[in-house]
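Data block below; observations after.
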Amino acid sequence: MTRAVLRYVRHTIRHEPLGGITFESFCVTPGCGEDSGPQEAQEQAQDWCLRHTGRTGHALFRRIATDHARVTREE
């Protein structure tokens, strides 16, 4: 019979500033499918929305901000 000792260790997860944040906007008008692509600044993704609306008249977008997270062990 094999015995094991289990030790539960608490961890935390937090935003990792070195990873940065990526912003993207997607046009959700049926049949469009265009997007801003990954942008380093929120203003760049927003400007893309404004230009897209000016060109096409499409006015509804989905926006995503993606960050990096680091998990650390609490001791």
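The model shown is predicted, which means the values in this text are computed figures rather than measured ones.
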CG (Asp35) and SG (Cys27) are apart, to the nearest 0.5 Å, by 10.0 Å

Provide the closest heavy-atom pair for Ala65 versus Ile21 in the form atom of the first, atom of the second, distance. CB-CG2, 4.3 Å

Take atom CD in Glu40; do more than 12 heavy atoms of anything else shown fall under 6.0 Å from it? no

Does the pair Ile64 and Arg62 meet the rule for a side chain to side chain contact (heavy atoms under 4.5 Å, CB included), with working shown? CA-CA 7 Å; Ile64 297 177; Arg62 178 170 46 96; 3.2 Å; yes

Under 3.5 Å: donor-acceptor pair, side chain of Gln39, backbone of Ala41: no

Does the side chain of His15 come within less than 4.5 Å of Arg70's, by heavy atoms? no

Evaluation steps, side chain to side chain contact (heavy atoms under 4.5 Å, CB included), between Glu34 and Phe26: CA-CA 6 Å; Glu34 290 190 37; Phe26 300 84; over 6 Å; no

Side chains of Ile13 and His11: does their closest heavy-atom pair fall under 4.5 Å? no

More than 12 heavy atoms from other groups under 6.0 Å of CZ on Arg55: yes

How far apart are the C-alpha atoms of Thr12 and Arg14, what are their side-chain angles, what is the distance that settles it, and do they pass the side-chain hydrogen bond (donor to acceptor under 3.5 Å, both in side chains) test? CA-CA 7 Å; Thr12 59; Arg14 290 192 173 82; 3.1 Å; yes

Ring centres of His52 and His58 under 6.0 Å apart? yes

Given side chains that start at C-beta, do those of Thr72 and Glu74 come closer than 4.5 Å, heavy atoms only? no

Taking every heavy atom of Gly20 against every heavy atom of His68, the minimum-distance pair comes out as O-ND1, 3.4 Å

Looking at OG of Ser25 and CG of Asp47, how far apart are the two atoms once the value is rounded to the nearest 0.5 Å? 10.0 Å

Student check: side-chain heavy atoms of Phe61 and Thr29 closer than 4.5 Å: no

